S.K.: 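I have a structure I would like to understand better, so I am pasting it below and will then ask my questions one at a time.
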Amino acid sequence: MSKYKSEFLNVLTERGFIHQMSDAQGLDALFAKETVSAYIGFDPTAPSLHAGSLIQIMMLSWMQKTGHKPVALMGGGTGMVGDPSFKDEARKLMTADTIASNLAGIKRIFSKYITFGDGKTDGVMVNNADWLLPLNYLEFLRDVGQYFSVNRMLSFESVKQRLDREQSLSFLEFNYMILQAYDFVELNKRYGVRLQMGGSDQWGNIINGIDLGHRMATPQLYALTSPLLTTSSGGKMGKTAQGAVWLNAEALPAYDYWQYWRNTEDADVGRFLKLYTFLPMDEIARLEALGGAEINEAKKILATEVTRLCHGDDAAKAAEETARTVFEQGGAGGDLPVVTIPQAELEAGIALIDLLVRVSFASSKGEARRLIQSGGAYVNDAKIEGDTHKCTAGDLGANGAIKISSGKKKHALVRPA
RNA sequence: GGAGGGAUGGCGGAGCGGUCAAUCGCACCAGACUGUAAAUCUGGCGUCUUCGGACUACGAAGGUUCAAAUCCUUCUCCCUCCA
């Protein structure tokens with residue numbers, strides 16, 4: 001009944017990872033026959049990856065689970081160029097130092113999802129700076145550049161809109177796709193990589209690599225892209241108004257990460273369970289079928305599972321427990337953000353307005369004032385009216401802290417120090 | 001090098017001498033309804049404030065004027081076309 005012979009493609013298909021593939025039959029046969037190496041490239045534009053990259057990480061993880069070899073390519077070299085695909089304007093150039101420190105942060109994330117090592121199906125992490133930096137310009141132009149037609153490159157959808165909008169595309173950026181194509185060929189030579197995966201915006205870049213492979217006589221290469229993920233209401237995956245949903249605990253605490261997933265829209269629950277957890281499909285089908293308020297149970301499971309993968313079992317349980325206390329019992333869980341203030345300040349009485357700013361629920365006193373005026377400020381779960389309210393040591397609860405809330409979802413604890 | 005066009009709040013985009021802290025849309029925040037969902041509706045959305053106002057802002061620096069985001073000069077940056 002399965003559509004494919006290979007477990008890998010079946011899993012990816014039924015879980016919704018696949019947007020496009022080049023030569024599905026050929027790829028299927030390859031996966032069914034041998035241990036395949038496939039890679040996905042990641043740009044070191046930030047010290048952590050965010051939830052938008054999670055789908056790619058999950059694909060690599062599934063590679064490993066189904067007996068193949070995932071290769072995570074760090075774009076240390078291409079990061080110095082910047083991918084212009086579907087971007088409105090040139091990215092600011094990053095220095096080599098920034099790239100190096102970003103890479104270090106990103107590596108830690110991968111080790112949570114993939115086992116690295118020297119075994120047959122162990123993951124490998126490589127940096128394209130290793131082969132891109134030593135390139136000799138003229139040699140490269142003659143060996144690789146000769147195979148690229150500018151006419152064709154200009155026709156790619158990924159740069160077309162940029163050109164149509166009459167925004168400049170620098171020569172530097174234009175080279176990005178050549179370098180990425182070269183990466184594919186180079187990875188084939190070094191690690192026998194046959195498949196490149198990526199987001200659907202990478203399709204053009206990947207195809208370029210396949211073409212270059214033909215011309216440079218590699219074995220047949222393949223492309224597989226994942227859908228560009230948006231939430232049902234059109235938001236970009238992994239982005240909130242507060243910023244990206246980072247995967248590093250230093251950049252985003254596990255509790256906040258858990259909350260992000262807990263607040264998934266109803267319509268997305270099933271899709272996300274398939275993509276972002278390893279729960280079996282029949283279990284997901286059951287959860288997905290929950291209607292009305294019951295779907296909240298599915299959201300909690302989603303949040304806990306996803307958090308477990310990224311931050312570990314303990315952190316996931318702690319986040320879940322805190323959420324239960326805070327939202328279902330109106331208490332104050334231990335995993336809430338804690339802000340400390342000097343004991344003396346508290347005894348003298350500190351204005352709620354100032355506290356709201358301290359815990360970052362308001363970015364200015366005026367904003368804090370407005371929050372109170374609109375009825376969204378709470379101290380120990382009691383709504384505060386009047387923007388002159390002061391908090392004192394008397395507000396300290398049994399846990400030795402004051403619970404401050406903005407609206408019904410954002411909570412923080414203030415502790416004297 | 002030459003000729004044009006442009007730079008406004010997180011983004012898009014009005015305004016083109018006073019009534020401009022700046023229409024409007026998006027985004028965002030809070031409230032109502034709910035299920036920590038979506039949709040919808042309401043209010044808010046520069047900083048400070050003794051709530052009277054004060055201050056800072058329309059690329060930068062000068063100037064004209066009682067008064068400038070709006071006019072003039074210079075500069076910086078971006079885009080287009082020509083060479």
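This is a predicted model, so every value here is computed, not measured. Just so we're on the same page: letters track the sequence lines, and every chain starts at 1.
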S.K.: Between atom NZ in A:K410 and atom C1' in B:rG31, what is the gap in whole Å?
M.R.: 14 Å
S.K.: Identify which nucleotide among B:rA37, B:rU36, B:rG35 has an atom closest to any side-chain atom of A:Q259, counting heavy atoms from C-beta outward.
M.R.: B:rU36
S.K.: Please list, by residue number, the residues of residues 353-366 of chain A whose heavy atoms come closer than 4.0 Å to an atom of RNA chain B; answer none if no residue qualifies.
M.R.: A:S364, A:K365, A:G366
S.K.: With C1' as the reference atom in both, quote the distance from B:rC20 to B:rA68 in angstrom, rounded to an integer.
M.R.: 11 Å
S.K.: Quickly work out the A:I372 CD1 to B:rG44 C1' distance and round it to whole Å.
M.R.: 14 Å
S.K.: Is the distance from OP1 or OP2 of B:rG35 to the nearest side-chain N or O of A:K409 less than 4.0 Å?
M.R.: no
S.K.: Say whether A:D28 and A:S6, considering side chains only, have a donor N or O and an acceptor N or O under 3.5 Å apart.
M.R.: yes
S.K.: Using the C1' atom on both, measure B:rG10 against B:rC81 and round to a whole Å.
M.R.: 33 Å
S.K.: Hey, which of A:T78, A:N102, A:L49 is the one that makes side chain to side chain contact (heavy atoms under 4.5 Å, CB included) with A:P44?
M.R.: A:N102
S.K.: Would you tell me if any nitrogen or oxygen in the side chain of A:R369 comes within less than 4.0 Å of OP1 or OP2 on B:rC48?
M.R.: no
S.K.: Hunt down any stem RNA chain B takes part in, defined as 3 or more consecutive Watson-Crick or G-U pairs whose two distances are each under 3.5 Å.
M.R.: B:1-7 with B:76-82, B:10-12 with B:24-26, B:28-32 with B:40-44, B:46-48 with B:53-55, B:59-63 with B:71-75
S.K.: With a 6.0 Å cut-off on ring centres, are A:Y255 and A:H411 close enough?
M.R.: no
S.K.: Determine whether the side chains of A:Q196 and A:Q202 contain a donor N or O and an acceptor N or O closer than 3.5 Å.
M.R.: no
S.K.: With sequence neighbours left out, write down each residue that passes salt bridge (Lys or Arg N to Asp or Glu O under 4.0 Å) with A:R215, or none if nothing qualifies.
M.R.: none
S.K.: Roughly, in whole Å, what's the span from CD in A:E367 to C1' in B:rG44?
M.R.: 10 Å
S.K.: Side-chain contact, heavy-atom cut-off 4.5 Å: A:W203 with A:S22?
M.R.: yes
S.K.: Between A:S406 and B:rC29, is there a side-chain N or O to OP1/OP2 distance below 4.0 Å?
M.R.: no
S.K.: Nearest to the A:K299 side chain among B:rU50, B:rU36, B:rG35, which nucleotide is it?
M.R.: B:rG35
S.K.: Just to be sure I understand the rule, does A:R324 reach a base, reach only the sugar-phosphate, or reach nothing, if contact means heavy atoms closer than 4.0 Å?
M.R.: nothing
S.K.: Counting the atoms with a prime plus P, OP1 and OP2 as sugar-phosphate, which does A:R262 contact under 4.0 Å by heavy atoms, base, sugar-phosphate, or nothing?
M.R.: base
S.K.: Classify A:E294 by what it touches in the nucleic acid, base, sugar-phosphate, or nothing, heavy-atom distance under 4.0 Å.
M.R.: nothing
S.K.: What is the nucleic acid contact for A:W258, judged by heavy atoms within less than 4.0 Å: base, sugar-phosphate only, or nothing?
M.R.: base
S.K.: Specify the separation, in whole Å, of atom CZ of A:F272 and atom C1' of B:rA37.
M.R.: 12 Å
S.K.: Expressed in whole Å, how much space separates the C1' atoms belonging to B:rC24 and B:rG9?
M.R.: 14 Å
S.K.: Which parts of residues 375-390 of chain A get close to RNA chain B, meaning a heavy atom less than 4.0 angstrom away?
M.R.: A:G375, A:G376, A:Y378
S.K.: Working to the nearest 0.5 Å, report the span between CD of A:E14 and NZ of A:K274.
M.R.: 8.5 Å
S.K.: Whole Å only: how far is the CG atom of A:L273 from the P atom of B:rA37?
M.R.: 18 Å
S.K.: Since syn is defined as within 90° of 0, does B:rG13 count as syn or as anti?
M.R.: anti
S.K.: Establish whether the base of B:rU36 is bridged to the side chain of A:E328 by a donor-acceptor pair shorter than 3.5 Å.
M.R.: no
S.K.: Between A:F110 and A:F42, does the ring centroid distance fall short of 6.0 Å?
M.R.: yes
S.K.: Using the side chain to side chain contact (heavy atoms under 4.5 Å, CB included) rule, pick out the option among A:L279, A:V269, A:V306, A:T277 that qualifies with A:I301.
M.R.: A:L279
S.K.: Rounding to an integer number of Å, can you tell me how far A:I301 CD1 sits from B:rU36 P?
M.R.: 17 Å
S.K.: State plainly whether the residues A:K317 and A:E320 are in salt-bridge range, i.e. N to O under 4.0 Å.
M.R.: no
S.K.: With nearest nucleotides of RNA chain B determined for A:S374 and A:F327 from heavy-atom distances, which residue corresponds to the more 5′ nucleotide?
M.R.: A:S374
S.K.: Thinking salt bridges, do A:K299 and A:D266 make one under a 4.0 Å N-O criterion?
M.R.: yes
S.K.: Tell me whether the OP1 or OP2 atom of B:rU47 has a side-chain N or O from A:R370 closer than 4.0 Å.
M.R.: yes
S.K.: Not counting sequence neighbours, list each pair that qualifies as a salt bridge (Lys or Arg N to Asp or Glu O under 4.0 Å) and has a residue in residues 126-155 of chain A.
M.R.: A:R152-A:D211
S.K.: By salt bridge (Lys or Arg N to Asp or Glu O under 4.0 Å), which residues pair with A:D335, not counting sequence neighbours?
M.R.: none
S.K.: Grab the CD-P distance between A:Q373 and B:rC29 for me, whole Å please.
M.R.: 19 Å
S.K.: When you compare B:rU65 with B:rU73, how far apart are their C1' atoms, in angstrom units rounded to a whole number?
M.R.: 16 Å
S.K.: Quickly work out the A:D256 CG to B:rU36 P distance and round it to whole Å.
M.R.: 18 Å
S.K.: Within the structure, does a side-chain N or O atom of A:K408 lie under 4.0 Å from either OP1 or OP2 of B:rA32?
M.R.: yes
S.K.: Should the pair A:R271-A:D268 be classified as a salt bridge under the 4.0 Å nitrogen-to-oxygen rule?
M.R.: yes
